[in-house]
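The structure appears right after this line, and notes come after that.
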Amino acid sequence: KPSVLLCFLQLFNAVNCLAKGNARLLVLGRKHMLINSSSWRKELMKEMQDKADFFFAENISEDDTFLLYATLRSGKHCKFVTRDFLRDHKACLSDSVTRHLFRKWQRGHQIAFCSSVEGKHINFLPALSYDCVVQTTGDTWHIPYKNVFEEKYSYEVPRKWLCIQQKLRRM
């Protein structure tokens, strides 16, 4: 698990990176982030607050609920960034159809990120604008796949596609 300081640096770099794209940003956090400490630096928080709106929930709150509400309330084009995989929320859903719809919505709205060990460099994987299932058009199939077996999270999908086209034989 990353240190608190590393989490702060990742947040700082993520806000700076996303702000360059002129996106409207809302950062959901907890009130302890407002206390100046070796982990949460007041001057850098001020710099971030100049680039994004902030909402600070109580320290013991379930901030995922705020994240989901804010994303849904902000419209269908809103995207969100979190390291959380939202497994607890999927588990609370009543049936497999609803869980499937939630995962599909999550894949289309959650932007994944990875950062360097020291937190200085950050890369974003965009949310998918398509459904990652086998798709067919006439005599052509498009099948998502991975080269190697690797652990993946529910919002991550293969980004490679195998295209197969049926050739008709003449007799």
Side-chain angles (χ1 to χ4, degrees), residues 1-129 131-132 150-157 159:
K1 189 170 181 173
S3 71
V4 176
L5 180 58
L6 181 59
C7 290
F8 178 78
L9 292 174
Q10 288 174 339
L11 175 62
F12 181 77
N13 290 326
V15 167
N16 285 331
C17 183
L18 292 170
K20 287 177 186 172
N22 292 323
R24 183 159 183 223
L25 304 175
L26 172 63
V27 177
L28 299 174
R30 294 200 174 121
K31 289 184 177 178
H32 69 84
M33 295 167 63
L34 294 169
I35 299 169
N36 193 29
S37 68
S38 60
S39 299
W40 297 101
R41 299 189 180 137
K42 195 169 194 148
E43 68 279 356
L44 296 179
M45 282 296 293
K46 174 71 174 110
E47 189 177 325
M48 284 191 290
Q49 288 173 311
D50 290 341
K51 297 174 183 173
D53 294 313
F54 275 73
F55 175 80
F56 297 101
E58 294 299 326
N59 291 330
I60 59 170
S61 71
E62 295 289 333
D63 53 355
D64 294 346
T65 307
F66 292 105
L67 170 82
L68 293 171
Y69 177 77
T71 304
L72 289 167
R73 185 71 175 98
S74 296
K76 64 182 179 180
H77 299 295
C78 182
K79 306 292 186 233
F80 67 93
V81 180
T82 180
R83 284 189 310 254
D84 196 305
F85 307 119
L86 306 174
R87 288 185 209 109
D88 293 344
H89 298 283
K90 283 182 276 227
C92 292
L93 298 173
S94 59
D95 58 81
S96 62
V97 172
T98 308
R99 284 188 293 276
H100 171 75
L101 287 173
F102 182 85
R103 280 192 300 273
K104 185 175 178 179
W105 174 85
Q106 184 181 12
R107 284 193 301 263
H109 291 83
Q110 186 168 2
I111 298 172
F113 78 95
C114 53
S115 64
S116 62
V117 175
E118 66 281 352
K120 292 182 181 177
H121 305 287
I122 194 161
N123 292 318
F124 293 98
L125 291 174
L128 298 177
S129 58
D131 198 6
C132 192
E150 56 191 23
E151 194 74 28
K152 74 177 187 70
Y153 300 105
S154 61
Y155 68 88
E156 294 178 318
V157 294
R159 299 213 176 236

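By convention here, the first residue in the shown sequence is residue 1. Heavy atoms only: backbone and side chains are in, while hydrogens, waters and symmetry mates are out.
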Enter the distance from [X]:[atom1] to [Y]:[atom2] here, rounded to the nearest 0.5 Å.
{"X": "C17", "Y": "Q10", "atom1": "SG", "atom2": "CD", "answer": "13.0 Å"}
{"X": "K90", "Y": "F85", "atom1": "NZ", "atom2": "CZ", "answer": "9.0 Å"}
{"X": "L28", "Y": "D64", "atom1": "CG", "atom2": "CG", "answer": "9.5 Å"}
{"X": "R99", "Y": "S94", "atom1": "CZ", "atom2": "OG", "answer": "7.5 Å"}
{"X": "N123", "Y": "N13", "atom1": "CG", "atom2": "CG", "answer": "11.0 Å"}
{"X": "L18", "Y": "I111", "atom1": "CG", "atom2": "CD1", "answer": "6.5 Å"}

Sub-4.5 Å side-chain heavy-atom contact between [X] and [Y]:
{"X": "L101", "Y": "L93", "value": "no"}
{"X": "M33", "Y": "F8", "value": "no"}
{"X": "R107", "Y": "R103", "value": "yes"}
{"X": "F66", "Y": "L26", "value": "no"}
{"X": "Q110", "Y": "T71", "value": "no"}
{"X": "F54", "Y": "L34", "value": "no"}
{"X": "V27", "Y": "L11", "value": "yes"}
{"X": "S74", "Y": "R24", "value": "no"}

Kindly give the heavy-atom pair with the smallest separation between [X] and [Y], and that separation in Å.
{"X": "R83", "Y": "C7", "answer": "NH2-SG, 3.4 Å"}
{"X": "H89", "Y": "T65", "answer": "CE1-OG1, 4.2 Å"}
{"X": "K76", "Y": "H109", "answer": "O-NE2, 2.9 Å"}
{"X": "L25", "Y": "K51", "answer": "CD1-O, 4.1 Å"}
{"X": "F56", "Y": "R30", "answer": "CD2-O, 3.4 Å"}

Worksheet item: Would you say the side-chain atoms of K42 pair up with the backbone N or O of S37, donor to acceptor, closer than 3.5 Å?
Response: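 No, the answer is negative, given that no donor and acceptor are paired below the 3.5 Å cut-off.
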Worksheet item: Parallel under 30°, tilted from 30 to 60°, perpendicular over 60°: which one fits the rings of F80 and W105?
Response: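 Parallel: the ring planes of F80 and W105 meet at under 30°.
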Worksheet item: Do other residues, nucleotides or ligands put more than 12 heavy atoms under 6.0 Å from the CG atom of D88?
Response: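 No, because the 6.0 Å sphere around CG of D88 holds 12 heavy atoms or fewer from other groups.
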